[in-house]
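Input: a single structure, listed below in structure tokens.
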Amino acid sequence: MKFILYLACLLSMPVFPQSVKTFLIFGGKSGWIGQKLMTIVKEKGYNAISAESRLENRESVEAEIKRINPDYIVNTAGVTGVPNVDWCEGHKQETIRANIIGALTIADIGFKHNIPVINVGTGCIYEYDEKHPLHSGIGFKESEEPNFDGSFYSFTKIMLDKLLLTYPNVLNLRLRMPISDDLHPRNFITKISKYNKVVNIPNSMSILSDLLPLIPEMAERNLRGNYNFVNPGVISHNEILELYKRYINPEFVYRNFSVEEQNQILKAKRSNNELDATKLLVEFPHIPHIKTSIIHVFERMKTSLNA
Ligand SMILES: NC(=O)c1ccc[n+]([C@@H]2O[C@H](COP(=O)([O-])OP(=O)(O)OC[C@H]3O[C@@H](n4cnc5c(N)ncnc54)[C@H](OP(=O)(O)O)[C@@H]3O)[C@@H](O)[C@H]2O)c1
């Protein structure tokens, strides 16, 4: 045993019983979603390792995957732009390098070594249209062709979404407007509470405390292909901000503007849509409706702020 521990130290690898499965998580070291997933995976009793290699370096990604030999790979790495996706408009090659080439590198190496890959993608590749009008309750299904490429970020994510479908080892989770229980700057609630003016459109959104814990189970169930990774139902910006006023800051004031006015202050357009969550609900029927779940988010947020 001492010898094994010594060897593991030498190789900088943690020692786990062979029966414990390993998730290698790209973006697990510094990413908002990746770090949350690292915690969840560990809490569920798995071995979670955050990847060290940069996506643009295929040799180092492959060497790391071969060295760790994980049961599952999760890709939460990608560029979303700082302060927001407008950044991608002026950094197209960097965006392609991470969001298409990098993500495909992971999928491809996983395929080559027969390892399942879970990609954290986005559902911001659709916008309301005649067949899926606002307030209709008709959401876009996974089988439907993306129709929103109004930002370069979304364009790269459409390309990736399509190309990943050719990999039989890949599960692609389409996250939207993620909401966490804290006031992290990436939380959709925090974002819209900081804007000078905000549009008011119902959207599908992802409550991370409901959805991220499903990832290890989705891996174990060998699910593949695209999944709309959102809570059922939609909620509007104003509905969220009214809850923000009720639970967090009664003095808070917000102002609305139209999508046309919003487009004038942004470099790229933003997607607004409803995604059909039926495919996900078949696997996990207990996922709460967005309007129920968000109340619990605000209750937890208020409790922790008052603690
Ligand atoms: N947050 C959202 O609103 C949202 C919504 C829908 C979908 N998503 C998707 O979910 C994924 C994770 O989002 P997030 O909010 O967690 O983003 P994030 O906080 O910006 O994290 C991104 C992670 O990717 C890593 N990364 C970027 N380029 C890399 C490269 N070339 N090689 C290796 N690692 C690289 C970053 O590491 P460094 O810091 O070291 O570069 C960071 O750890 C993204 O693909 C995003 O498109 C996010």
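Every number for a ligand or one of its atoms is a count from 1 in the order of the listing.
Screening residues 37-57 for salt bridge (charged side-chain N to carboxylate O under 4.0 Å, His left out), with sequence neighbours left out, gives K29-E52. The list of salt bridge (charged side-chain N to carboxylate O under 4.0 Å, His left out) pairs with a residue in residues 252-266, not counting sequence neighbours, is empty.
Under the 3.5 Å distance criterion, with hydrogens and angles disregarded, no donor-acceptor pair is assigned to the side chains of Y244 and E239.
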One pair per line, please: each N/O atom of ligand 1 matched with every protein N/O atom under 3.5 Å away, atom names first, then the distance to 0.1 Å.
| from | atom 1 | to | atom 2 | distance (Å) |
| --- | --- | --- | --- | --- |
| ligand 1 | 16 (O) | W32 | N | 3.3 |
| ligand 1 | 16 (O) | I33 | N | 2.9 |
| ligand 1 | 19 (O) | W32 | N | 2.9 |
| ligand 1 | 19 (O) | R186 | NE | 3.3 |
| ligand 1 | 20 (O) | R186 | NH2 | 3.1 |
| ligand 1 | 24 (O) | G78 | N | 3.1 |
| ligand 1 | 31 (N) | E56 | OE1 | 2.6 |
| ligand 1 | 32 (N) | L55 | N | 2.9 |
| ligand 1 | 37 (O) | S30 | OG | 3.2 |
| ligand 1 | 39 (O) | S30 | OG | 3.2 |
| ligand 1 | 40 (O) | R54 | NH1 | 3.0 |
| ligand 1 | 41 (O) | R54 | NH2 | 3.1 |
| ligand 1 | 43 (O) | S30 | OG | 2.8 |
| ligand 1 | 43 (O) | G31 | N | 2.9 |
| ligand 1 | 45 (O) | K157 | NZ | 3.0 |
| ligand 1 | 47 (O) | Y153 | OH | 2.6 |
| ligand 1 | 47 (O) | K157 | NZ | 2.9 |

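The hydrophobic cluster containing L266 also includes Y128, L134, V199, I201, V234, F257, V259, I265, under a criterion of side-chain heavy atoms closer than 4.5 Å among ILVMFWY residues, counted directly or through chains of members.
Under a cutoff of 6.0 Å and an axis angle of 45°, K92 and F152 form a cation-pi pair.
A salt bridge links E62 to K112: one of the charged nitrogens lies within less than 4.0 Å of a carboxylate oxygen.
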